[in-house]
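Step one of this worksheet: look at the structure below.
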2 protein chains.
Amino acid sequence: MAGKGLNPKQTRMMEFIREFDEERGYKPSIRDIQQSCGISSTSVVDYNLRILEREGYIRRDREVARGIELLEGGRRRRASTGVPVLGYIAAGEPIPVLTQESWGSIEPVDVLDLPREFLGKEREVYALRVKGTSMIDALVDDGDVVIVQPVTSIQDGDMVVAWLKVEKEVTLKRIYREGNRIRLQPANASMQPIYVDSENIDVQGKVVAVLRSIK
Amino acid sequence: MAGKGLNPKQTRMMEFIREFDEERGYKPSIRDIQQSCGISSTSVVDYNLRILEREGYIRRDREVARGIELLEGGRRRRASTGVPVLGYIAAGEPIPVLTQESWGSIEPVDVLDLPREFLGKEREVYALRVKGTSMIDALVDDGDVVIVQPVTSIQDGDMVVAWLKVEKEVTLKRIYREGNRIRLQPANASMQPIYVDSENIDVQGKVVAVLRSIK
DNA sequence: CCCCTCAAGGAACGTATGTTCTGCATAGCC
DNA sequence: GGCTATGCAGAACATACGTTCCTTGAGGGG
C-alpha cells in the first residue's frame, strides 16, 4: 500500500499533532491544526488528514471530536504506564522502605512513562536511581534506574533489592534460599556468590527492570 | 491540599479514562465516561471530574471536547517518543545497517514508547534486541534492548555498536582513537581493553541507552 | 426543625468541532 | 481542447460534547 513520503504540509501537521498531544495531553481539533499550521480551511485539514490516515500515520474515529490516534511505524504504540521515581539507592545508605500503606503517599521525585513490557504484571512498581558503581556485578551502573516491585513473594532466582543489616549495605543480587542461610548470586556469572544468614537480610523488593542512559 | 483517597466511583472513572486512552489513543468524552461507568447523568460525571481535578489526578481544559489530561503522581508525565525495534544484534551476525535513506523504510518489528530522558537529543534512534551474553562486559545481557543512534560523529569515549571485520563480530564498547589504531574499552573497568586497526572496524552507531527486563 | 454540604438525577442550552458541498486553480494525459 | 486527479478556499450544516440550572435526598450541627 502506502506511497511516497509526506509533503511538507503533512509533515508539519504530524509534528504539530505530536507536540500538541505532548503538551496538553489530548489531541488537537481540526481547527487547532488549521490555525497552528497556517492552513486556510478546515476542509484542507480534513483532506490531508485523510491522506495521513490512508498512509498509515494516524487513525481517525469519524464524528468524534479530537478523535485522532497517532500510529508509529504503522502500528499502535505499546501500552505504557507511569512509574514513580521515589529516590536513590546507594550501597551505603538505607533504601526508602515502601509498605502497602505508604504506597501512593510518598511524593515521587519524578514519573517515567514506560512500556508495560519492561514492567512486571503488577501495577505497583516504583523506580530508584542508582548511585555509585557498587552494584556493577549485577550489571547495574551508576546513574541507572531500577524498577522495583515491592516484596510480595520472593522466589529462588529472583533479582532482589536487599539490605544487609550487619554490613549496612544495599545490594542487588539473585537470591537463593539454602536451608538456614541465603546465597546471593551476582548477575555476572564470573563472580563469586556470597552467603548470608537469613536473619541478616531484609528483602525490600524484586527488581523487574533496569534502564540505563549512556553518557 | 488534597484530601483522602478517591471513592469507588472516582477510581472507576480514572481507570476507565486510562484504559480508553490506551485503547483508542484519545480521551473519552463526558458521555463516554457516563455510559461506561454506569453513571446516570453527565452532571454527575462533571461533578466527579471536578473533584479529580481538585485532587490533582487530572487536568481539564474548559470548553474543550475530550480535553482531559492525565497526571501521574500529581505531575505531568515525561514526554516520550516511539522508538522502532528493528531487529536483533548478536555477536556472530552482521547488524542491520541503517543509512539515511533506509530510515523509515525498514519495517520495525515493534515500537517502544520511551521517555525522552533515555534517548539522545536526536529523534532518529532505533532499538535492537540483544541475543546472547557476548556483550556482558559492556553491562549488556541477553534479552536486553539497546537504543542506537545512527553514526553521525563519534567522539572518544562514546559507547558504540561496532562490527569487527576480521573477527566477524559485533561488539559494544567505548571507543578511543589512538593514532592508527583504535582502543575498545569494556564498560566494566575490571576488564582489559582490546585494540584493533582502524581499517578493521565499522562503526554502526552510538548506544544511547540500555533497557533490561529481568526474568 | 431549619440550614448547610455532599452526591446525584434530568433536562435544556450553547458552542466546539467534524462533515460536506460547491467552486477554482494547476498539471498531466490522450 | 476535453478529462481527470490533486490540492486548496469558503461557507453552511449537523451533531458531539461541555456547561448550567433546577430538584431531590441523605447526613450533620445547632
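Chain letters run A, B, ... following the sequence lines, proteins first, then strands; residues in each count from 1. Nothing here was measured: the structure is a model prediction, and the numbers come from that model.
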Between CD of Q34(B) and C1' of dG9(C) the distance, given in whole Å, is 10 Å
Take atom NZ of K27(B) and atom P of dT17(C), then tell me their distance rounded to the nearest Å.
15 Å
How far apart are the C-alpha atoms of D32(B) and S29(B), what are their side-chain angles, what is the distance that settles it, and do they pass the side-chain hydrogen bond (donor to acceptor under 3.5 Å, both in side chains) test?
CA-CA 5 Å; D32(B) 288 333; S29(B) 69; 3.2 Å; yes
Please tell me if N7(A) has a side-chain N or O lying less than 4.0 Å from either OP1 or OP2 of dT6(D).
no
Spacing of I68(B) atom CD1 relative to dC17(D) atom C1', expressed in whole Å:
11 Å
Is any side-chain nitrogen or oxygen of R60(B) closer than 4.0 Å to OP1 or OP2 of dT19(D)?
yes
Charged N to carboxylate O under 4.0 angstrom, K131(B) versus D144(B)?
no
Rounded to the nearest Å, what distance is computed from the CD1 atom of residue I30(A) to the P atom of nucleotide dC13(D)?
19 Å
Measure the shortest side-chain to side-chain distance between M13(A) and N48(A) over non-hydrogen atoms and say whether it is less than 4.5 angstrom.
yes
Side-chain N or O of Y47(B) less than 4.0 angstrom from OP1 or OP2 on dA8(C)?
no
Presence of donor-acceptor pair under 3.5 Å, side chain of S43(A) and base of dG10(D)
yes
Here the distance between atom P of dG18(C) and atom CG of L49(A), to the nearest Å, is 9 Å
Do side-chain atoms of D197(A) reach the backbone of E199(A) as a donor and acceptor pair under 3.5 angstrom?
yes
Using a 4.0 Å heavy-atom cut-off, does S41(A) contact any base of the nucleic acid, only the sugar-phosphate backbone, or nothing at all?
base
Between V44(A) and D32(B), which is nearer to the 5' end of DNA chain D once each is assigned its nearest nucleotide?
V44(A)
Pairwise 5' ranking along DNA chain C for G67(A) and T42(B), keeping only the more 5' one:
T42(B)
Is N48(A) close enough to dC8(D) that one of its side-chain N or O atoms is under 4.0 Å from OP1 or OP2 there?
yes
How close or far is atom P of dG7(D) from atom CD of Q10(A), stated in whole angstroms?
7 Å
Would you please confirm or rule out a distance under 4.0 Å between OP1 or OP2 of dT20(C) and any side-chain N or O of R50(A)?
yes
Using only heavy-atom distances, decide whether a donor-acceptor pair under 3.5 angstrom links the side-chain of R62(A) to the base of dG18(C).
no
Without decimals, in angstroms, what is the distance between R66(A) CZ and dG18(C) P?
7 Å
Between C1' of dG14(C) and CG of D46(B), the distance in whole Å:
15 Å
Check the pair Y26(A) / D61(B) against side-chain hydrogen bond (donor to acceptor under 3.5 Å, both in side chains), numbers first and verdict last.
CA-CA 10 Å; Y26(A) 51 83; D61(B) 267 15; 2.4 Å; yes
On DNA chain C, compare the nucleotides closest to E63(B) and I39(B); which residue's is nearer the 5' end?
I39(B)
Using only side-chain N and O atoms of R31(A), determine if any of them is under 4.0 Å from OP1 or OP2 of dA16(C).
no
